[in-house]
Every structure is written in structure tokens, then in C-alpha cells.
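Just below is one structure, and these are the notes that go with it.
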Amino acid sequence: MPEGHLIHRVADDHQIFVGATVKVRSPDGRFMFGAEELDSQTLQSVDAWGKHLLYQFKPKTLHIHLGLEGSIRFRKAHTLHEDQRARLLVQDERTGDSFLLYNPLHCELLSSFARKDLIRRLGPDLLRPDADPEITWTLMQRSQAGLGEFLLDQSCISGIGNIYRSEILFLLRMHPHRRAGSLTREEFDTLWRLAADLLEVGRHHNAIITASPKRLGKPREQMHRSERVLVYRKRECPDCGALLTVERIANRTAWFCERCQSG
DNA sequence: TATGTATGGTAAG
DNA sequence: TTACCCTACATAA
């Protein structure tokens with residue numbers, strides 16, 4: 001279920017494990033080698049970069065990417081739950097709290113070189129305070145891609161997934177086939193700020209919410225699933241009522257309104 | 001119960 | 001560009 005907001009939320013939540021000496025196991029046996037290497041080590045830090053989670057040990061880093069199907073569950077101490085389906089179990093030896101990892105795309109150990117290389121390949125992460133928009137701006141000016149394709153390219157800007165893509169472009173009234181390189185600096189700044197704000201809201205609420213609470217007349221917490229987004233998987237434009245265009249862009253389905261997103 | 005689809009990414013062709 | 005990964009869930013039958 002992960003776009004960047006959720007990965008950062010996990011990293012936030014997992015700060016409680018930093019400094020802990022941990023018990024590490026691989027219940028499904030598919031990460032035995034790595035689990036043995038990390039067992040009884042002390043966790044130095046937990047970081048999110050785009051859709052990647054990095055758990056720093058010495059000298060190696062545990063790299064987790066949830067992909068499309070992965071999930072992470074937190075378990076309070078003493079709620080003993082032997083789940084053989086989990087790829088990874090990490091337990092804080094001080095508190096007994098643990099987390100379990102299921103169906104990840106990646107669960108592997110990285111050398112410090114491989115860690116740097118991974119981060120180098122990623123574009124600026126909207127949710128990181130050190131994110132440098134100038135890098136994305138430069139890439140965008142040179143890009144031949146349409147906006148819909150550009151926003152999903154994690155090497156140009158990281159953290160945005162398929163739901164946020166459609167939602168951001170709708171809110172900006174920008175057509176997904178408009179060339180990324182055609183944006184003015186002002187338009188880019190607006191895009192960057194909007195995307196960062198939306199991801200921050202998602203991180204806070206642990207859910208993708210792009211609809212305005214004011215417009216609906218209820219707080220975000222009370223919004224129904226279908227009310228939280230504007231165009232993703234919808235039939236009609238929430239503004240003009242026209243049928244939305246559904247099209248695969250960069251190998252993923254995109255929803256947009258030809259009438260409202262003309263720019 | 002069967003079918004279709006997917007909030008992501010990689011690698012083969 | 002396409003197949004694949006091979007799970008979870010919603011919807012159709």
C-alpha cells in the first residue's frame with residue numbers, strides 16, 4: 001500500500017527502535033542469512049528515502065522496499081504471535097516490542113557503498129527537509145517526458161506514486177501529457193509545494209487524503225475512503241461532472257479531466 | 001468460487 | 001515495451 005507518505009510514517013514510528021539491541025529472525029526462511037548477520041546488533045538509525053526504508057546497523061544497512069504488496073505490522077511486547085509467513089521479525093530486546101515484514105519487494109543488506117549508490121540514484125524526496133528542488137527543476141527543464149510520466153520517475157522526484165500523480169495533476173489543473181519541460185519556474189514551485197503538502201498530510205493521517213475537508217464539511221478523520229481522493233479511480237470530474245479520461249501512462253493507470261486539466 | 005485489478009519495480013526481449 | 005512477481009482485495013457470478 002505504499003507511496004512515500006506511508007514509508008516516512010513507518011520511519012517516524014520506528015524511531016522507537018533506534019538505540020535498541022535487536023533480535024532478528026526470518027520466520028519464512030527467505031532472509032535467513034541476513035537475519036543471522038543482524039541478530040544482536042544495535043540499530044543506529046531509521047531513515048526513509050522516497051519509497052525506501054533504511055535501517056542502519058554497523059557496518060551494513062537493512063534495505064526494505066515494500067513494492068506493491070508489502071506491509072509492515074507493529075507488535076506490542078508479549079503479544080506472542082509466531083507468524084511463519086513473515087519475511088522478517090525485528091524485536092527490541094529492551095521493551096519486547098517488535099515489527100514484522102510481509103511480502104516485500106526487497107529485503108536485503110547493503111554495504112555502505114551500495115547504500116550511497118541507492119540514494120544517489122533517487123531524486124529529491126519531497127518529505128525530507130534536506131530535499132533540493134533545484135535538482136528536480138533542472139531535470140524537469142531537460143525532460144522530454146510528459147508530466148504524468150515525470151512525476152512517477154523516482155530518479156527525478158521521489159515519493160510520489162500512482163494515486164498522488166493523478167490527484168496532484170488534477171489539483172494543479174495540468175494535463176498529464178503536457179511536457180514537463182514546458183513548466184515555468186512559478187508553476188514548478190507551485191507543484192513542488194503542493195506535492196510536499198499533500199504527502200505531509202498523508203504522512204500525518206496515515207492515508208492519502210487530497211480532498212478538502214472544508215468542501216466536504218467534515219474533518220479528515222471522518223472522511224470515507226471514497227471521499228478522500230478526487231479523481232483516482234473515479235468516473236466523473238468532481239468539478240465539471242464530465243467523464244474522466246482513463247489512460248495508461250508510464251505503465252500505470254491515470255485518471256484526468258480533459259476539460260478542467262487543459263493547461 | 002471465479003475473476004480482475006493493483007498505492008511498485010525489475011529484467012528480459 | 002512486455003512479462004513477471006505471486007498477495008490482497010473488491011466485485012461479479
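By convention in this document, chain letters (A, B, ...) are assigned in the order of the sequence lines, proteins followed by strands, and residues within each chain are numbered from 1.
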Encode nucleotides 8-13 of chain B as B, S and - characters from 5' to 3', where the letter depends on protein heavy atoms closer than 4.0 Å: B to the base, S only to sugar-phosphate, - to neither.
BSS---
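Y232(A) comes within 4.0 angstrom of the backbone, heavy atoms only, and of no base.
Between R9(A) and D12(A), none of the side-chain N atoms (NZ, or NE/NH1/NH2) sits under 4.0 Å from a carboxylate O, so this pair counts as no salt bridge. Using a 4.0 Å cut-off between charged side-chain N and carboxylate O, D28(A) and R85(A) make no salt bridge.
The nucleotide range of DNA chain C contacted by chain A, defined by atoms under 4.0 angstrom from heavy atoms of the protein and reported 5' to 3', is dT2(C) to dA8(C).
Annotation: cation-pi pair R115(A)/F113(A) absent, no NZ/CZ under 6.0 Å from the ring centroid and within 45° of its normal.
With sequence neighbours left out, the salt bridge (Lys or Arg N to Asp or Glu O under 4.0 Å) criterion links R185(A) to E134(A), D189(A). Applying the ring-ring contact (aromatic ring centres under 6.0 Å, His included) rule to W255(A) yields the partners Y232(A); only residues at least two apart in sequence or on another chain are considered.
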Under 3.5 Å for both distances, Watson-Crick or G-U wobble, that's the pair rule; now give the dot-bracket for DNA chain B, with | marking pairs to another strand and [ ] for crossing ones.
||||||.|||||.
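Residues from residues 24-35 of chain A lying near DNA chain B, meaning a heavy-atom separation below 4.0 Å, are absent.
Ring planes of H65(A) and H52(A): perpendicular class, angle over 60° (limits at 30 and 60°). Between H14(A) and F17(A), the ring planes lie perpendicular to each other; the angle is over 60°, past the 30° to 60° tilted range. H177(A) and H175(A) have tilted rings, their planes meeting at an angle from 30° to 60° on a 0 to 90° scale.
Note: the hydrophobic cluster containing M32(A) does not contain L110(A) (ILVMFWY, side chain heavy atoms under 4.5 Å, direct or indirect links).
When all heavy atoms are compared, the tightest approach of A180(A) to L147(A) is CA-CD2, 3.9 Å. Between G202(A) and Y164(A), the shortest heavy-atom distance links the atoms CA-OH, 3.6 Å.
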